[in-house]
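Reviewing the structure listed below.
Values below: all heavy atoms of this structure, side chains included; hydrogens, waters and symmetry mates excluded. Small disclaimer: the values here were computed from a predicted structure and weren't measured.
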Amino acid sequence: MNYSFFDFLALLGSVCLFLYGMKVMSEGLQKAAGDRLRNILSAMTRNRFTGTLTGFAITALIQSSSASTVMVVSFVNAGLMTLGQSMAVIFGANVGTTFTAWVIALFGFKVDTSVFVLPVIACAVPLLFFKKSRTKSMGEFLIGFAFLFMGLSMISEYVPDLQSNPEMFAFLERYASMGYMSVLLFLLVGIVLTAIIQSSAATFAIVLIMCTKGWITFDLGCAVILGSNIGTTITPLLASMSGNVAAKRTAMGHLLFNLFGMIWTLLVFYPFVRLNVDITEWLGQGNPESLYSYVNTLEQNNPDIYDKLFDGSLPTTHPVLAQIGQMQFSVSFGMSMFHTVFNLINLAIMIWFTGLYVKIVEKLVPAKHKEDEEFQLKFISGGLMSASELNIAQAEKEMYVYAQRVQRMIDMAEQLVHTPEKSEEFSKLYSRLEKYEEISDRMEIEIANYLNRCAEGRLSNEGKLHIASMLNIVSEIESIADCCFGCAKILIRKHENGVTFNDMIYENVDTMFGYVKVAMNDMLVLLSDVEKVRDVDIIRSYNKEREINNLRNQLRSNNVENINNRVYEYQSGIYYMDIINDLEKMGDYIINVVDTIRDHFRRHAA
């Protein structure tokens with residue numbers, strides 16, 4: 001029966017099931033780990049060796065070097081690691097992606113997946129109905145694991161049978177016998193295929209099946225795997241498009257690492273393939289090159305057995321089947337060995353030249369002028385939404401920068417109080433404060449939109465509560481900015497009505513500004529690392545809030561007496577109290593932020 005369009009759709013569906021399994025596994029793991037994964041990733045920048053090991057471990061767990069590299073791009077974009085530190089993690093991620101190849105090679109074709117896939121699903125589904133978030137996430141992880149192997153089994157079943165499609169055989173044969181040109185052609189196939197499906201692991205699974213069935217030679221299979229290392233860099237490159245310069249450099253570094261490896265491997269391609277064949281034989285796993293010649297010899301000398309082998313009518317006890325099965329494992333083992341040795345040699349060379357490598361990347365992706373990014377968000381952008389749990393770290397960093405910008409507005413408002421209203425300096429300072437207030441509004445909207453997009457992803461309950469707290473904090477910080485500009489508006493009205501302040505009023509306003517500025521500094525200390533909040537810092541913030549309220553009450557009472565005693569005019573007292581009340585509101589918004597941080601701290605500690 002000819003290969004039909006339905007069979008092609010079935011093959012496409014099998015690849016999609018394989019990819020979906022990896023996606024569910026990755027998300028289940030991230031949700032189960034929650035904050036722990038963020039803490040692990042933030043600790044991986046100690047040195048190049050721990051960074052490499054961390055990149056290997058994360059990629060081995062989430063089954064995708066593309067996903068882990070996008071995470072690294074996100075963290076560089078968030079300022080959590082330098083470009084040099086990220087390179088070591090990327091080096092490790094390239095080695096970590098070989099773990100999937102070994103899982104497929106050692107278990108994918110030796111074990112009947114139906115034996116364990118359904119039992120795994122049977123164990124996983126009940127976990128989805130547990131109340132505990134982490135238990136549900138473990139259920140998702142197991143279901144993703146089962147889907148991955150189910151998809152792998154179906155890919156093997158629906159890849160077109162060349163015996164019933166001689167025209168496809170002729171097509172492959174025509175391009176598989178061009179010597180070194182065939183190597184370059186299949187290298188390109190690996191690049192394009194992986195770029196389209198965005199997973200080197202899926203490409204590896206397809207190539208292994210084609211090799212084990214004897215459709216392409218072992219060396220051409222290695223060429224496809226080599227190309228997949230380039231194709232897997234497409235996802236991080238796309239993710240970095242809307243990131244900052246550091247993110248673009250990280251993605252470019254990933255591409256250059258694999259390009260360097262591809263170039264040296266192509267220069268010694270046939271000896272390198274031979275080396276991996278020798279290693280496979282030395283380990284007692286047979287010769288991975290023998291399957292192709294064995295199947296061709298079988299076709300020429302025993303066409304009847306050959307036909308029965310591919311139409312499935314050969315008895316299961318036939319010795320040819322046993323021989324084919326042994327050679328199939330040898331091919332899958334050899335392919336995994338090629339992938340691993342390639343990445344290990346690449347790592348062994350590149351890890352010692354990290355500094356030089358960083359300089360090359362910085363030359364290729366030069367920094368923009370500072371003014372180009374003056375009013376852009378510094379750490380977050382719309383394009384980096386690979387892992388919702390991990391994106392929270394970026395928003396935390398941006399939220400701290402936002403609070404620092406608003407803190408500068410408090411200094412501007414205090415300076416404006418002492419600036420003569422008729423002066424050019426007052427106009428410039430007022431315009432600057434107004435511009436900062438507009439930027440503050442824009443930053444609040446962009447950070448809030450980013451957090452809402454994070455919330456739309458697959459988050460643990462802890463992650464959802466964290467985002468709710470951050471949205472509340474961002475809103476309160478924007479209210480502080482509004483109060484700063486509100487103070488400026490009060491001064492404009494004061495000037496329009498010809499009102500003046502005496503030295504006592506200026507002195508009291510300065511005292512109130514001093515209290516608010518201390519409170520703002522204390523709030524920034526808490527915001528700088530919400531995971532390491534100390535009780536003493538929270539208590540200090542509450543004490544300062546009480547001082548602000550007591551001072552406001554004292555000044556309000558004194559104001560009535562001063563107006564009655566004609567220390568200053570009634571209208572002066574009105575605008576004076578408007579400024580004091582405005583500053584007291586700032587203290588309220590600051591303590592609201594502290595309250596939210598305190599609640600998050602208690603929840604995290606529990």
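Considering all non-hydrogen atoms of both residues, Leu527 and Ala403 come closest at CD1-CB, 3.7 Å. Taking each heavy atom of Asp582 and Cys484 in turn, the nearest pair found is OD2-N, 4.4 Å. The two atoms that bring Ile467 and Leu451 nearest to each other are CD1-O, 3.7 Å, heavy atoms only. Closest heavy-atom contact between Leu416 and Ala488: CD2-CB, 3.5 Å. Of all heavy-atom pairs between Phe501 and Ile579, the closest is CE1-CD1, 3.8 Å. Taking each heavy atom of Leu583 and Val509 in turn, the nearest pair found is CD1-O, 4.2 Å.
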Start with the C-alpha gap between Asp411 and Gln407, add the side-chain angles, then the distance that decides, and say whether side chain to side chain donor-acceptor pair (under 3.5 Å) holds.
CA-CA 7 Å; Asp411 292 330; Gln407 183 187 37; over 6 Å; no
One pair to check against side-chain contact (heavy atoms from CB on, under 4.5 Å): Leu356 and Ile360. What are the steps and the verdict?
CA-CA 6 Å; Leu356 176 63; Ile360 294 171; 4.3 Å; yes
Run the side-chain contact (heavy atoms from CB on, under 4.5 Å) check on Arg534 and Ile538 step by step: do they pass?
CA-CA 7 Å; Arg534 299 184 304 169; Ile538 292 176; over 6 Å; no
Arg540/Asn543 under side chain to side chain donor-acceptor pair (under 3.5 Å): CA gap, chis, key distance, verdict
CA-CA 5 Å; Arg540 186 169 64 245; Asn543 288 338; over 6 Å; no
Start with the C-alpha gap between Asp482 and Tyr589, add the side-chain angles, then the distance that decides, and say whether side chain to side chain donor-acceptor pair (under 3.5 Å) holds.
CA-CA 11 Å; Asp482 286 344; Tyr589 295 131; over 6 Å; no
Can Ser440 and Tyr402 be said to form a side chain to side chain donor-acceptor pair (under 3.5 Å), step by step?
CA-CA 7 Å; Ser440 170; Tyr402 182 28; 3.0 Å; yes
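Here the side chain of Ser431 pairs a donor or acceptor atom with the backbone of Ser427 at under 3.5 angstrom. A donor-acceptor contact shorter than 3.5 Å links the side chain of Ser469 to the backbone of Leu465. Here the side chain of Asn258 pairs a donor or acceptor atom with the backbone of His254 at under 3.5 angstrom. Not a single donor-acceptor pair under 3.5 Å links the side chain of Asn497 to the backbone N or O of Val499. Side-chain atoms of Thr596 do not come within 3.5 Å of backbone N or O of Ile473 as any donor-acceptor pair.
Aromatic rings of Tyr430 and Phe485 (six-membered ring for Trp) have centroids within the 6.0 Å cut-off, being under it. Under the 6.0 Å cut-off for aromatic ring centres, Phe257 and Phe91 qualify, their centroids lying closer than that.
Asn559 and Tyr576 are not linked by any side-chain donor-acceptor pair at a separation below 3.5 angstrom, with hydrogens and angles left out of the test. Looking only at atom types and distance, the side chain of Arg552 has no donor-acceptor partner in the side chain of Tyr515 under 3.5 Å away.
In the displayed structure, Glu425 atom CD is contacted under 6.0 Å by at most 12 heavy atoms of other residues, nucleotides or ligands. Atom CD of Glu569 has 12 or fewer heavy atoms from other residues, nucleotides or ligands within 6.0 Å. Applying the 6.0 Å contact sphere to CG of Asn564 captures more than 12 heavy atoms from other residues, nucleotides or ligands.
Cation-pi geometry between Arg408 and Tyr436 is not met at under 6.0 angstrom from the ring centre and within 45 degrees of the axis.
Ion pairing between a basic and an acidic side chain is recognised when a charged N comes within 4.0 Å of a carboxylate O; Lys136 and Glu140 show no such pairing.
In this structure, NZ in Lys517 is found 8.5 Å from CG in Asp510, a value given to the nearest 0.5 Å. Taken to the nearest 0.5 Å, the CD1 atom of Ile590 stands 10.0 Å off from the CD1 atom of Ile477. Rounding to the nearest 0.5 Å places CD of Glu437 at 5.5 Å from CE of Met409.
Paired with Ser541 under the rule side chain to side chain contact (heavy atoms under 4.5 Å, CB included), one option of Val594, Val593, Val525 passes, and it is Val594.
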